[in-house]
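Everything below concerns the one structure shown next.
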Amino acid sequence: MGAAAVGGGGGGERRAAEAPPAPLAGWLAGRPGGPLRVVVLSGAGLSAGSGLATFRGADGHWQRYRPEELATPQAFARRPEVVWEWYAARFRAAAAAEPNAGHREIARWEGRFTSLTVVTQNVDGLHQRAGTPDPLELHGSLVRARCAACGERLPMADAVARPGAPPRCACGGRLRPDVVWFGEALPIDALSRADHAARKADLFVVAGTSAQVFPAAGLIEVAARAGALVVEVNPEATPFSSLAGLRLAGPAEVELPRLGRWIAP
Ligand code: OAD
């Protein structure tokens with residue numbers, strides 16, 4: 001590993017590999033062949049390169065709408081049609097989008113480390129479609145619908161094909177997206193597995209999140225305190241940037257493949 005390393009480029013061309021930045025180079029040199037437990041925490045910025053809107057960016061959802069109007073149980077009780085239609089539109093956009101090079105790079109890391117845990121706040125299903133088999137979806141999934149009354153789950157694709165906004169379950173209850181709304185509990189199993197992985201992480205990669213929503217953002221501090229090298233992939237700084245040993249200040253679809261050339265060549 002280093003500036004002298006030569007990698008094979010596309011089409012058989014050979015080019016000098018870019019040396020890793022100093023914090024990562026020193027860190028990699030300190031653990032030759034040792035266990036490497038990697039955790040990725042992703043947010044909406046990871047899917048920006050697939051054309052999906054973020055929440056807090058210039059064109060983000062929360063620039064146009066207030067979260068309380070769309071992403072709470074109270075909003076669904078007050079205006080079920082509006083809330084359903086908003087999530088149905090987001091589901092259609094996600095279904096029409098393709099995973100980008102950032103999602104694909106994370107999927108490529110499967111089997112390359114002692115362990116890899118992908119934790120996501122995203123509900124768009126793009127990690128799975130890129131090939132990550134079992135991401136911990138802290139905020140649920142827009143790929144599924146759930147009956148607000150009996151809890152029965154079904155594919156969102158089936159739910160949006162039914163009449164009604166929102167459509168009804170066989171039990172008569174309203175269908176809702178199987179996501180976590182503000183004020184609701186996160187899935188306990190996913191959260192405790194994510195917390196455990198953060199405590200054990202050697203390398204904690206934060207990609208495309210503004211790190212403003214807890215408890216997801218708190219995982220960054222958990223990992224940093226436990227001694228992980230935190231790598232933040234985000235064009236913008238965040239409240240947790242000071243914990244990052246390395247900041248890759250560009251789009252995830254560019255910077256994650258770059259990171260991968262250093263940690264999983
Ligand atoms: P945000 O919209 O808050 O933050 C997106 C982040 O991605 C910002 O920090 C951007 O700078 C960054 N970004 C934009 N384009 C990027 C790119 N191409 N590559 C890398 N980074 C990029 O989204 P989240 O942090 O995911 O929760 O938001 C967290 C939660 O807040 C969401 O899960 C959602 C929302 O309210 C619920 O609805 C419960």
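Note that ligands are numbered from 1 as they come in the structure, with each ligand's atoms numbered from 1 the same way.
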Using a cut-off of under 3.5 Å, which N/O atoms of ligand 1 pair up with protein N/O atoms, and what distance separates each pair?
residue: ligand 1; atom: 2 (O); partner: Phe55; partner atom: N; Å: 2.7
residue: ligand 1; atom: 2 (O); partner: Arg56; partner atom: N; Å: 2.8
residue: ligand 1; atom: 3 (O); partner: Arg56; partner atom: NH1; Å: 2.7
residue: ligand 1; atom: 3 (O); partner: Ser210; partner atom: OG; Å: 2.6
residue: ligand 1; atom: 4 (O); partner: Ser210; partner atom: N; Å: 3.3
residue: ligand 1; atom: 7 (O); partner: Gly208; partner atom: O; Å: 3.3
residue: ligand 1; atom: 9 (O); partner: Asn234; partner atom: ND2; Å: 2.9
residue: ligand 1; atom: 11 (O); partner: Asn234; partner atom: OD1; Å: 2.8
residue: ligand 1; atom: 18 (N); partner: Glu253; partner atom: OE1; Å: 3.2
residue: ligand 1; atom: 19 (N); partner: Gly45; partner atom: O; Å: 3.4
residue: ligand 1; atom: 19 (N); partner: Ala252; partner atom: N; Å: 2.8
residue: ligand 1; atom: 25 (O); partner: Thr209; partner atom: OG1; Å: 2.6
residue: ligand 1; atom: 25 (O); partner: Ser210; partner atom: N; Å: 2.9
residue: ligand 1; atom: 25 (O); partner: Ser210; partner atom: OG; Å: 3.4
residue: ligand 1; atom: 26 (O); partner: Ala44; partner atom: N; Å: 2.8
residue: ligand 1; atom: 28 (O); partner: Arg56; partner atom: NH1; Å: 3.1
residue: ligand 1; atom: 31 (O); partner: Arg56; partner atom: NH1; Å: 3.0
residue: ligand 1; atom: 31 (O); partner: Arg56; partner atom: NH2; Å: 3.3
residue: ligand 1; atom: 33 (O); partner: Gln121; partner atom: O; Å: 3.3
residue: ligand 1; atom: 33 (O); partner: His139; partner atom: ND1; Å: 2.7
residue: ligand 1; atom: 36 (O); partner: Trp62; partner atom: NE1; Å: 2.8

With sequence neighbours excluded, residues passing side chain to side chain donor-acceptor pair (under 3.5 Å) with Arg90: none

Ser141: side chain to side chain contact (heavy atoms under 4.5 Å, CB included) partners, not counting sequence neighbours: Glu137, Val143, Arg144

Arg162 with Asp158: basic N within carboxylate O range, under 4.0 Å: no

Can you tell me which residue pairs pass the salt bridge (Lys or Arg N to Asp or Glu O under 4.0 Å) test with a partner in residues 115-126, sequence neighbours excluded? none

In this structure, are over 12 heavy atoms from other groups packed under 6.0 Å from Gln63 atom CD? yes

Any salt bridge linking Arg129 with Glu98? Criterion: basic side-chain nitrogen under 4.0 Å from a carboxylate oxygen. yes

